[in-house]
Amino acid sequence: LVLVDGVERDFSNLDPSEIANITILKDAASAAVYGVKGANGVILVTTKRGDAAKTTVTYNGAVTLSQNADMLELLDGVEYAKWHNQASLLDGLVQSYSDKQIEYIRNGNDPQGILGNTDWVNLIFKKIAVGHNHNISVTGGNDKVRYFVGGSVLSQDGIITDVWFRRYNLRSNIDIDLTDRLSVKLDVSGRIENRHQPGVSAGSSDPTASVDNGGAEYGYKNIPFYLITARPTVNPVDRDGNYIGYYNPLAARDASGFNKKNNSFVQTTATIQYRIPGVEGLTAKGLFSYDFQNTLQKKLTLPCNVVVPQYETPNADGSLVIKSAPSPHSASGINQLTETHTLFSRFTYTLQLNYANTFGKHDIGADLVGEQSGTNARTFGASKQNFAITEIPDLNFSTEVTPNSVVGHHTDTGRQGLLFRGNYTYDQKYMVQASVRGDWSARFAKGNRLGIFPAVSLGWRLSEEGFMEDARGVLDNLKLR
């Protein structure tokens with residue numbers, strides 16, 4: 001469970017300049033107050049806020065250079081041909097490469113322009129990928145109003161050409177003290193994420209997804225898989241510009257189309273807090289948040305023919321027989337455009353009473369919290385094929401709907417929670433905390449929606465004991481829990 005400013009949210013694409021601190025709760029007693037969602041631990045992320053000081057403007061910028069920490073070391077063309085012949089000999093098969101062909105590979109002088117010595121790793125991967133990260137923030141305020149406003153831009157190119165990520169963040173956190181007892185927090189953040197890669201995945205797809213094991217017509221969908229499967233004994237393209245080899249990674253990278261995904265996020269939170277008069281340490285707090293996400297994904301798959309040498313059945317003069325075949329990323333040879341649109345929203349509201357006070361050596365605290373949250377997701381997708389033109393990739397430019405491609409579905413979830421927690425500390429040495437939380441989830445049938453999560457913890461700060469006085473210079477906060 002990840003909570004950003006008290007609300008369940010993903011924080012993987014928060015700009016680091018927005019984050020004030022991160023706390024990880026992994027013990028059972030701390031996580032139990034978050035109910036069933038805290039079963040695997042809790043990460044609490046707090047974003048920056050303003051303070052009562054004069055306005056401060058901060059800018060940070062960085063240019064990064066990235067490269068693969070380790071690279072595949074594959075056989076070159078000559079070594080591949082020799083070892084391939086040796087394997088064929090051991091298996092009692094016809095050897096694929098004649099001595100003359102191996103010389104063509106070595107010297108790059110094949111009369112047909114087919115055989116060559118290609119380093120696919122260096123051809124497909126860039127030496128360096130450049131990234132930019134820039135952020136600017138404004139903080140300040142006075143005794144009544146404090147603010148933090150920040151924005152950032154991240155641009156990261158992939159190590160494979162035509163793979164990139166762009167992100168734009170904006171955040172505003174405002175604190176207002178309406179009276180000595182009443183305060184308000186207003187938080188708004190927005191984020192835009194744009195991702196782009198070729199029609200064949202740059203690495204996130206299952207490299208074993210083929211026609212035989214459920215990959216539909218797309219065959220192998222991973223550029224690195226093409227790279228390690230391609231024979232290094234051929235040139236990337238022939239003299240007419242045709243891609244050579246059934247698994248040609250250059251065709252997968254440059255001629256397979258594109259896959260674009262654009263995400264837009266708006267996240268809002270309003271918090272009001274009131275210190276109740278007459279009972280010192282008693283506070284009432286209410287929180288409401290509404291988050292919205294809009295996702296649009298567009299994938300254009302372009303077919304591409306490749307020329308495939310028939311090594312085992314050469315012509316009478318020893319030259320290679322060449323056949324044309326569709327690249328396996330689109331075995332049907334039909335272009336196809338798929339668009340998917342998803343709308344997602346989440347609401348959360350929380351009401352709570354908090355009490356904390358000290359009486360001499362006795363510290364007492366108690367919390368009563370009620371929470372309700374829910375999500376709503378709507379998805380629609382469609383695909384068309386056989387486009388006469390692909391320069392304008394819009395569904396309107398084809399009348400042929402891809403069979404079984406129109407999809408639409410929705411998901412609604414809801415959850416309610418009620419928490420009571422009490423804690424007591426004596427003389428800053430001996431601590432006890434007990435809590436019980438009930439969660440109702442709409443994921444379960446009526447009559448089975450409630451889960452109870454109790455927890456008790458005990459603590460002893462040994463460093464405060466008299467017998468530890470001489471060791472406080474080394475162990476200033478030693479606690480057993």
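- A donor and an acceptor atom, one from each side chain of Ser152 and Asp15, are located under 3.5 Å apart.
- Checked by atom type, the side-chain pair Thr375/Thr413 shows a donor-acceptor distance below 3.5 Å.
- Taking the side chain to side chain donor-acceptor pair (under 3.5 Å) definition, one finds that Arg346 meets it with nothing, sequence neighbours left out.
- For Thr379, the side chain to side chain donor-acceptor pair (under 3.5 Å) partners at least two apart in sequence or on another chain are Thr342.
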Exercise. Does the side chain to side chain contact (heavy atoms under 4.5 Å, CB included) test come out yes or no for Asp175 and Tyr147, once each step is laid out?
Worked result: CA-CA 6 Å; Asp175 298 76; Tyr147 55 87; over 6 Å; no
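- When only modelled atom types and interatomic distance are considered, Ser17 and Asn60 share no side-chain donor-acceptor pair under 3.5 Å.
- Rounding to the nearest 0.5 Å places CG of Asn13 at 13.0 Å from CD1 of Ile192.
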Show me the donor-acceptor pairs, under 3.5 Å and distance only, between side chains in residues 154-161 and residues at least two apart or in other chains.
from   : atom 1 : to     : atom 2 : distance (Å)
Ser155 : OG     : Arg166 : NE     : 3.3
Ser155 : OG     : Arg166 : NH1    : 3.2
Asp157 : OD1    : Arg166 : NH1    : 3.4
Asp157 : OD1    : Arg166 : NH2    : 3.2

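- For the salt bridge (Lys or Arg N to Asp or Glu O under 4.0 Å) test, residues two or more places apart in sequence or in another chain that qualify with Glu103 are Arg106.
- Within the 4.5 Å cutoff, no side-chain heavy atoms of Leu296 are placed close to those of Thr340.
- With sequence neighbours excluded, the residues forming a ring pair (Phe, Tyr, Trp, His ring centres under 6.0 Å) with His196 are Trp164, listed by chain and number.
- Annotation for Pro314 and Val321: closest pair C-CG2, 4.0 Å, computed over non-hydrogen atoms.
- Counting heavy atoms from C-beta on, the side chains of Tyr226 and Asn248 never come closer than 4.5 Å.
- Side-chain atoms of Asp187 and Ile174, non-hydrogen and from C-beta on, never get closer than 4.5 Å to each other.
- Side-chain atoms of Ser435 and Leu419, non-hydrogen and from C-beta on, do get closer than 4.5 Å to each other.
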For this session: Check step by step if side chain to side chain contact (heavy atoms under 4.5 Å, CB included) holds for Leu123 and Leu250.
Result: CA-CA 8 Å; Leu123 182 64; Leu250 201 63; 4.3 Å; yes
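- Residues Val308 and Ile322 form no side-chain contact, since every pair of their non-hydrogen atoms from C-beta on lies 4.5 Å or further apart.
- The CD atom of Gln385 sits 9.5 Å away from atom OG of Ser330, with the distance rounded to the nearest 0.5 Å.
- Using a 3.5 Å distance cut-off with no hydrogens or angles, the side chains of Asn335 and Thr390 do not pair a donor with an acceptor.
- For Lys298, the salt bridge (Lys or Arg N to Asp or Glu O under 4.0 Å) partners are Glu339, Asp394, not counting sequence neighbours.
- Under the 3.5 Å distance criterion, the side-chain polar atoms of Asp317 are matched with a main-chain donor or acceptor of Ser319.
- Side chains of Asp5 and Thr46 form a contact here, defined as non-hydrogen atoms less than 4.5 Å apart.
- Not counting sequence neighbours, Asp70 has no partner by the side chain to side chain contact (heavy atoms under 4.5 Å, CB included) test.
- Side-chain atoms of His134 do not come within 3.5 Å of backbone N or O of Val63 as any donor-acceptor pair.
- Residue pairs meeting the ring-ring contact (aromatic ring centres under 6.0 Å, His included) criterion with at least one member in residues 31-66, sequence neighbours excluded, do not occur.
- A donor and an acceptor atom, one from each side chain of Ser264 and Asn294, are nowhere located under 3.5 Å apart.
- Asp291 pairs with exactly one of Val7, Asp10, Val266 by the side-chain contact (heavy atoms from CB on, under 4.5 Å) rule, that one being Val7.
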For this session: Mind running side chain to side chain contact (heavy atoms under 4.5 Å, CB included) on Ile102 and Lys82 for me, showing each step along the way?
Result: CA-CA 8 Å; Ile102 292 176; Lys82 290 182 177 179; 4.3 Å; yes
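- Cation-pi geometry between Arg49 and Phe148 is not met: the NZ or CZ atom fails to fall both under 6.0 Å from the ring centre and inside 45° of the normal.
- Of the N and O atoms on the side chains of Asp412 and Asn376, at least one donor lies less than 3.5 Å from an acceptor on the other residue.
- By the salt bridge (Lys or Arg N to Asp or Glu O under 4.0 Å) test, Arg253 pairs with no residue at all, sequence neighbours left out.
- Note that CD1 of Ile114 is 7.5 Å distant from CG of Asn235, once rounded to the nearest 0.5 Å.
- Between Arg171 atom CZ and Asn135 atom CG the span is 13.0 Å, to the nearest 0.5 Å.
- With sequence neighbours excluded, no residue forms a salt bridge (Lys or Arg N to Asp or Glu O under 4.0 Å) with Asp110.
- There is a side-chain donor-acceptor pair under 3.5 Å between Thr295 and Gln293.
- Between Glu371 and Thr348, the side chains place no donor N or O within less than 3.5 Å of an acceptor N or O (distance only, hydrogens not considered).
- At a threshold of 4.0 Å, the pair Arg167-Glu193 does not count as salt-bridged, since none of the basic side-chain nitrogens sits closer than that to a carboxylate oxygen.
- Side chains of Val121 and Leu227 form a contact here, defined as non-hydrogen atoms less than 4.5 Å apart.
- No side-chain heavy atom of Ser289 sits less than 4.5 Å from a side-chain heavy atom of Glu8.
- How far CG of Leu14 is from CG of Asn169: 7.0 Å, rounded to the nearest 0.5 Å.
- Listed for the Ser256 side chain is a donor-acceptor partner under 3.5 Å among the backbone atoms of Val200.
- Not counting sequence neighbours, the partners of Tyr80 by the ring pair (Phe, Tyr, Trp, His ring centres under 6.0 Å) test are His84.
- Tyr311 meets the ring pair (Phe, Tyr, Trp, His ring centres under 6.0 Å) test with Tyr97; sequence neighbours excluded.
- Side chain to side chain, Ser383 and Thr338 meet the donor-acceptor criterion of an N or O pair below 3.5 Å.
- Between Tyr246 and Pro326, the shortest heavy-atom distance links the atoms CE1-O, 3.5 Å.
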For this session: Give the C-alpha distance, both sets of side-chain angles, the deciding distance and a yes or no for side chain to side chain contact (heavy atoms under 4.5 Å, CB included) between Thr139 and Thr55.
Result: CA-CA 6 Å; Thr139 61; Thr55 299; over 6 Å; no
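- The CD atom of Glu18 sits 9.0 Å away from atom NZ of Lys48, with the distance rounded to the nearest 0.5 Å.
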